[in-house]
There are 2 protein chains.
Amino acid sequence: MLVANYRTGRVPRAVRSAQLLELADQLFAERGFHAASMDELARRAGVSKPVIYDHFGSKEQLFATCVRRTGEALADRVAKAVREESDPRERLRAGSIAYFRFLQDQLRAWIVLFDGEDARDTRFATEASRIRRRQSDLMIHLMAETSGTTPDHEGRPRLEAMTLAIAGAYESLSLWWHEHPEVPPEELADWLLDLIWPGLEQLNAQLATSS
Amino acid sequence: MLVANYRTGRVPRAVRSAQLLELADQLFAERGFHAASMDELARRAGVSKPVIYDHFGSKEQLFATCVRRTGEALADRVAKAVREESDPRERLRAGSIAYFRFLQDQLRAWIVLFDGEDARDTRFATEASRIRRRQSDLMIHLMAETSGTTPDHEGRPRLEAMTLAIAGAYESLSLWWHEHPEVPPEELADWLLDLIWPGLEQLNAQLATSS
DNA sequence: CATGGTAGGTTACTGATGGTAAGCAATCCA
DNA sequence: TGGATTGCTTACCATCAGTAACCTACCATG
């Protein structure tokens, strides 16, 4: 979509970069990291392999770039949805729904990351944990924004650990969802909210007053 | 440990299998899936490559076998710990502590699975989700055992989804722990318990009475 | 308008590594 | 003692990430 006409011969660097990223996204989604070959990407782009290496350095860096972009898009959508609500619980709910809706759209790309044939490769985990971290940071930030307090030095690791754990729960629930697509995003969000909200509220209170 | 003397020449099939599995476990833990080569495994076992392929079929199947064994050992330890308590909350706590203690012992093998250079490979995710599923099943089983009730047909998917989500939270928390090893397993367990117990209790009540 | 530098690109290769075909030899059993 | 079975080896192939060396369209400048 971004680049209408492939195989246009000589093209400015930025354009070629964008085109390669777009095609790489597709290819990784279709085949997974392991089975996607640089030769095929080169063929699809109508370009020779060294061009790709000149732009991205290695297959892993190319993959990392693709994943990071997706992760950022996800974080943006969640953050935006959260900011449209004011009540704490409603904020979390809105963020959750945005999260699951995003996955619904990007399903194929997502599955490549966390499930399927390639997930055994350590290279995946690095990027996955980066996304998780991003969600966790976002959550901490928004919690602070909402409650107006921040945990003291002692409470901080605990908060960090718990938000990461929650991000992991979302991630894992997404995989379950992949096998039960009939459940609507809102219901998923409500299930998870009912599960973690009581504990989360208590945690927030506990960490805020311990300072 | 299992097989004292390697390079013994001709050896019965079952013995060779056990030896190869043991060495493969070590090798994967050292290098990760991607960087571990079948040639090296063959060299270490003092055997030629086709022997390995005769026993396990492919690198991926060999890896899957290793991971599955670890997953089973983990589930066994958790189940055993849980069964030594009777109060529901104490059961969950005991299981959690057992879970984290196991990871502490098997840290290297664990990290290979969920972090590090190879986790980008889809092949990993399959096995990881198998472990998660196992923990989830265990949890459902133990919850039923404890409360004496099982959810109706409608409530079942929700319960399944929530236990998987919780398993994901444990998994993700383990990765955080890897960077904060100073936190004792008991504290991790308590943090997580405080977070999910209220919601879990409520969920259990809700699903039991809806039948 | 010639001209030289640079950005964009190509051909042709290497080195690892997963995987296999074909065959050989130790051991067991009749 | 001899033949079948089981355990194992040699020698190879195909694929794929990554690279060295080289080429050429295009642009700014004297």
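Order of the sequence lines fixes the chain letters, A, B, ..., with proteins taken first and strands second; residue numbering starts at 1 for each chain.
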Inset, instruction - Assign the ring pair Phe28(B) / Phe33(B) to parallel, tilted or perpendicular, where the plane angle (0 to 90°) is split at 30° and 60°. - result: parallel

Assess the side chains of [X] and [Y]: does a donor N or O sit below 3.5 Å from an acceptor N or O?
{"X": "Arg132(B)", "Y": "Gln135(B)", "result": "no"}
{"X": "Arg101(A)", "Y": "Gln104(A)", "result": "no"}
{"X": "Tyr170(A)", "Y": "Ser96(A)", "result": "yes"}

Inset, instruction - For Ser48(B), answer base if it contacts any base atom (sugar-phosphate contacts may also be present), sugar-phosphate if it contacts only those atoms, and nothing otherwise; contact means non-hydrogen atoms under 4.0 Å. - result: base

Inset, instruction - Could you tell me whether Pro50(A) contacts a base, only the sugar-phosphate backbone, or nothing, with contacts defined as non-hydrogen atoms closer than 4.0 Å? - result: base

Legend entry - Arg83(B) with Glu145(B): basic N within carboxylate O range, under 4.0 Å: yes

Distances under 3.5 Å only, N/O to N/O: pair up the protein atoms with those of nucleotides 22-26 of chain D.
| residue | atom | partner | partner atom | Å |
| --- | --- | --- | --- | --- |
| dA25(D) | N3 | Arg10(A) | NH2 | 3.3 |

Send over the distance from [X] [atom1] to [N] [atom2], rounded to a whole Å.
{"X": "Arg43(A)", "N": "dT15(D)", "atom1": "CZ", "atom2": "P", "answer": "12 Å"}
{"X": "Arg13(B)", "N": "dC8(D)", "atom1": "CZ", "atom2": "C1'", "answer": "12 Å"}
{"X": "Phe63(B)", "N": "dG19(C)", "atom1": "CZ", "atom2": "C1'", "answer": "19 Å"}
{"X": "His34(B)", "N": "dA16(C)", "atom1": "NE2", "atom2": "P", "answer": "14 Å"}
{"X": "Asp54(B)", "N": "dT9(D)", "atom1": "CG", "atom2": "C1'", "answer": "13 Å"}
{"X": "Lys49(A)", "N": "dC16(D)", "atom1": "NZ", "atom2": "C1'", "answer": "6 Å"}
{"X": "Phe56(B)", "N": "dG18(C)", "atom1": "CZ", "atom2": "P", "answer": "15 Å"}
{"X": "His55(A)", "N": "dG18(D)", "atom1": "NE2", "atom2": "P", "answer": "16 Å"}

Legend entry - Heavy-atom side-chain contact between Ile131(B) and Val67(B) under 4.5 Å: yes

Inset, instruction - Return no unless some side-chain N or O of Arg16(B) is found under 4.0 Å from OP1 or OP2 of dC8(D). - result: yes

If you only use heavy atoms from C-beta on, which nucleotide in [options] is closest to the side chain of [X]?
{"X": "Val51(B)", "options": "dC8(D), dA17(D), dG18(C)", "answer": "dC8(D)"}
{"X": "Tyr53(A)", "options": "dG7(D), dT19(D), dG18(C)", "answer": "dT19(D)"}
{"X": "Ser37(B)", "options": "dC8(D), dT10(C), dT17(C)", "answer": "dT17(C)"}

Legend entry - Residue whose nearest DNA chain D nucleotide is more 5′ - Ala14(B) or Asp39(A): Ala14(B)

Inset, instruction - Classify the side chain of Lys59(A) versus the base of dG18(D) as yes if they form a donor-acceptor pair under 3.5 Å and no if they do not. - result: no

Legend entry - Nearest atoms (heavy-atom pairs only) where Arg31(B) meets Arg44(B): NH2-NH2, 3.7 Å

